[in-house]
There are 2 protein chains.
Amino acid sequence: MTSSRATLIQVAQRAGVSLASTSRALHGTGASPAMVERVRAAATELGYSPDAIGRSLRLKKTFQVAFAVADIGNPVYVEMMTAIHEVLAPHGYRVVVMTTGDTTTSTAELVRSLSSGFVDAMILSPLRTDDALVEEIRQATVPVVVIGRSLADRGIDSVSTDSAGGIGEAVQHLLGLGRRRLTFLNGPLDTTPGEARQRGFDAATRTKGFTGERADAVVAADFTVAAGLAATRALLDAADGDARPDAIVAANDLLAIGAVRAVRERGLAVPQDVAVTGMDDTEIGRVFQPSLTSVSLGSTERGRAAAQLVVDLVDGDAQPGRHLAVGPRLVVRESTDPAAGDGVSAGTPDDGTGGGHR
Amino acid sequence: MTSSRATLIQVAQRAGVSLASTSRALHGTGASPAMVERVRAAATELGYSPDAIGRSLRLKKTFQVAFAVADIGNPVYVEMMTAIHEVLAPHGYRVVVMTTGDTTTSTAELVRSLSSGFVDAMILSPLRTDDALVEEIRQATVPVVVIGRSLADRGIDSVSTDSAGGIGEAVQHLLGLGRRRLTFLNGPLDTTPGEARQRGFDAATRTKGFTGERADAVVAADFTVAAGLAATRALLDAADGDARPDAIVAANDLLAIGAVRAVRERGLAVPQDVAVTGMDDTEIGRVFQPSLTSVSLGSTERGRAAAQLVVDLVDGDAQPGRHLAVGPRLVVRESTDPAAGDGVSAGTPDDGTGGGHR
DNA sequence: CCTCGGTCTGGAAACGTTTCCAGATTTCCG
DNA sequence: CGGAAATCTGGAAACGTTTCCAGACCGAGG
């Protein structure tokens with residue numbers, strides 16, 4: 001407990017040289033070899049390690065970056081966080097996790113708290129944005145990179161994906177498989193993803209290129225398995241025979257799992273009778289039986305890109321206002337194509353459990 | 001970008017009073033109402049917000065706590081992190097995520113880095129521990145709370161669970177259901193959990209109270225679905241008829257899922273022909289069909305407990321060396337009991353996707 | 001031999017905050 | 001009304017680091 005509380009001053013005294021020289025010697029710039037040797041010796045003797053706070057105060061740099069989301073347990077955000085950490089750690093930056101709360105107000109408050117200067121930058125993935133929040137971000141005393149919609153026009157660095165386009169990809173995939181009666185299983189429409197994905201489905205099915213017979217949409221109470229199950233049950237109750245969909249496009253993997261369950265309850269087969277697609281490409285969808293065809297929104301890529309923007313902004317001399325888009329990517333598995341891999345043979349690096357300790 | 005860069009000195013000048021009085025007025029101690037009013041006004045006028053670094057330097061307190069594990073994407077650790085964050089945030093502490101690397105050496109190195117004083121404490125869940133690491137933790141300049149095995153005898157705060165006992169609970173549960181031929185599906189034995197869980201299985205089956213006919217163990221290559229699938233296939237290939245197990249105790253949920261798949265491949269039913277239990281009680285096991293009976297090791301509780309220990313240690317005046325044990329808890333679901341809930345009706349607060357945005 | 005340039009060193013300031021200490025002013029009570 | 005006590009204020013130091021600045025020293029070239 002007593003070790004390593006040595007300060008630079010003590011090292012200087014021990015080495016019998018000035019504070020300035022000591023700093024230079026350890027920092028490796030403009031000191032004679034003899035001096036370096038001498039100071040190094042004193043430093044190791046005392047078990048010296050530089051104080052991060054003193055250093056930060058002088059340098060006006062904390063070597064910390066905040067990552068703020070509403071729910072840090074959400075697998076999508078966990079993926080982002082992991083990617084962010086992987087990019088930032090080699091650059092010497094620590095990652096501080098924070099929560100935004102549910103509202104734009106609480107998010108704006110969090111952004112305002114940046115003015116106390118405990119981080120060099122923030123990566124923010126807000127649930128939704130409004131003008132007040134955007135303005136707060138612009139006024140922030142440290143760079144903020146937003147994962148969500150593009151804010152390039154407001155001079156804010158941002159990374160986005162195209163979930164609407166992703167739904168379109170799922171629709172095209174199903175049409176390509178010969179499916180003709182599509183139902184979109186969405187979550188609440190008053191959410192940002194719910195709204196965007198609905199837009200994507202409408203765009204894909206109300207175009208001239210739409211070769212199907214029908215395209216309906218139902219809304220589940222929430223983005224959960226239970227809600228997906230209930231909504232799909234109702235859907236199947238209401239329609240049978242030719243009215244029954246032969247494909248369900250779900251707005252995320254959990255809804256898709258609920259849909260699969262409901263379909264099977266009716267004695268129907270997935271994908272033979274009803275094909276199902278999900279979105280987010282989560283571990284849970286990969287492991288499920290049948291493994292889920294899902295639209296990956298590239299959470300890892302988005303996290304990585306955001307972190308890279310931060311590095312440029314903080315280390316280098318980049319100007320804010322850049323925007324990066326990560327394209328959606330359809331991953332075909334059993335829930336639409338029985339012949340597709342089941343995701344098990346492919347090595348899943350994460351074993352999903354504390355039991356994975358080596 | 002120009003806002004909130006005001007310093008306390010500027011506030012003092014603006015208010016026309018001394019620096020000392022300004023600090024007191026804002027901090028609310030020993031200042032006259034008039035002074036408080038005056039300083040407050042100046043502060044809001046300038047949009048002042050106190051600098052965290054200057055504050056930390058003076059107070060010798062960072063208001064940050066590190067959480068370090070090998071793999072921050074691992075759901076078990078994510079659960080811990082979430083719980084830790086929930087406990088610490090209300091106390092005004094930020095959470096810094098760090099990775100230990102795979103070896104005890106790299107972990108010890110991380111602990112040593114604490115001497116630069118960027119956090120007030122660390123919560124560490126090491127893959128494994130050795131004497132050098134324990135010694136490093138003892139020497140650390142800030143309190144370290146270990147999640148893993150008890151280190152009370154070394155004067156280090158720790159939180160542990162009893163995975164061995166948890167396996168015992170699974171065994172008892174299966175015996176209670178009338179199962180007689182048990183097979184333990186473990187991961188690599190040279191891992192800490194692998195070793196402990198094997199010990200638990202042996203203890204539960206080699207005792208006088210063991211009412212079964214046989215108890216075997218197989219070892220999968222890894223704690224993954226694929227490894228569980230392969231190992232269980234081999235197991236079923238080798239034995240049939242009466243030799244076939246009527247219950248499989250898996251060392252974690254992913255292995256259990258692999259086992260379920262292999263059993264079904266053979267045209268056997270879960271749980272009727274073969275009952276399966278997992279461990280860790282992950283979301284993935286709850287959602288899987290059949291939903292998995294699993295032994296929860298209370299990751300949330302352990303995280304919460306560790307965070308509470310940190311708060312006591314840093315805020316209060318507790319002495320290190322305490323130890324808390326979180327008991328394992330068996331959650332019965334469909335993979336052993338067809339009548340058990342499938343985990344879907346029970347509200348899962350986390351929707352597992354970015355699509356859950358409100 | 002003088003001067004110039006380069007290399008190296010030490011003093012001191014600065015980053016922004018909190019708090020000790022002493023002095024000044026007010027309040028209270030005898 | 002005098003003195004003690006209580007209340008309030010300002011100066012200054014301290015936390016630990018980096019870096020500007022000036023000065024010292026040395027060697028080389030004129």
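Convention: sequence-line order gives letters A, B, ...; per-chain numbering from 1. Worth knowing before you read on, the calculation uses all heavy atoms, side chains too, and leaves out hydrogens, waters and symmetry mates.
The phosphate of dT17(D) has neither OP1 nor OP2 within less than 4.0 Å of any side-chain N or O from Lys60(A). Regarding contacts with the backbone of dC15(D), every side-chain N or O of Thr7(A) stays at 4.0 angstrom or more from both OP1 and OP2.
Atom pair Asp51(A):CG and dG16(D):P shows a separation of 7 Å (rounding to whole Å applied). If you measure from atom CD of Gln10(A) to atom P of dA14(D), you get 14 Å, rounded to the nearest angstrom. The NE2-P distance, from His27(A) to dG16(D), rounds to 18 Å in whole Å. The distance from atom CG of Leu46(A) to atom P of dG16(D) is 14 Å, rounded to the nearest whole Å. Rounded to an integer number of Å, the gap from CG of Leu26(A) to C1' of dG16(D) is 13 Å. When the P atom of dG16(C) is taken as reference, atom CD of Gln13(B) falls 12 Å away, rounded to whole Å. Note: CD1 (Ile53(A)) to C1' (dT17(D)) measures 11 Å, nearest angstrom. dT17(D) atom P lies 11 Å from atom CG of Leu57(A), rounded to whole Å.
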Please list, for nucleotides 4-13 of chain C, all pairs of protein and nucleotide N/O atoms separated by less than 3.5 Å.
unit_1: dT9(C); atom_1: OP1; unit_2: Ser32(A); atom_2: OG; d: 2.8
unit_1: dT9(C); atom_1: OP2; unit_2: Ser32(A); atom_2: N; d: 3.2
unit_1: dG10(C); atom_1: OP2; unit_2: Ser18(A); atom_2: N; d: 3.1
unit_1: dG10(C); atom_1: OP2; unit_2: Ser18(A); atom_2: OG; d: 3.3
unit_1: dG10(C); atom_1: OP2; unit_2: Ser21(A); atom_2: OG; d: 2.8
unit_1: dG10(C); atom_1: N7; unit_2: Arg24(A); atom_2: NH2; d: 2.9
unit_1: dG10(C); atom_1: O6; unit_2: Arg24(A); atom_2: NH1; d: 3.1

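Heavy atoms of Leu59(A) sit under 4.0 angstrom from primed sugar atoms or phosphate atoms, though from no base atom.
With distances taken from any side-chain atom of Ile9(A) to the nucleotides dT17(D), dT17(C), dC15(C), the minimum falls on dT17(D).
Remark: Asp131(B) engages Arg154(B) in a salt bridge, criterion side-chain N to carboxylate O under 4.0 Å.
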Show me the donor-acceptor pairs within less than 3.5 Å that the side chains of residues 27-36 of chain A make with the rest of the protein, sequence neighbours left out.
unit_1: His27(A); atom_1: NE2; unit_2: Arg55(A); atom_2: NH2; d: 3.4
unit_1: Ser32(A); atom_1: OG; unit_2: Met35(A); atom_2: N; d: 3.2

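Counted by atom type alone, Arg149(B) and Thr129(B) present one or more donor-acceptor pairs between their side chains at under 3.5 Å.
The minimum heavy-atom distance between Ile156(A) and Val144(A), with the atom names listed, is CG2-O, 3.6 Å.
Under the side-chain hydrogen bond (donor to acceptor under 3.5 Å, both in side chains) criterion, Asp157(B) pairs with Arg322(B), sequence neighbours left out.
Taking the six-membered ring where tryptophan is involved, the planes of Phe63(A) and Tyr93(A) are tilted, since the angle between them lies from 30° to 60°.
Atom CG of Asp71(A) is separated from atom OG of Ser125(A) by 11.0 Å, given to the nearest 0.5 angstrom.
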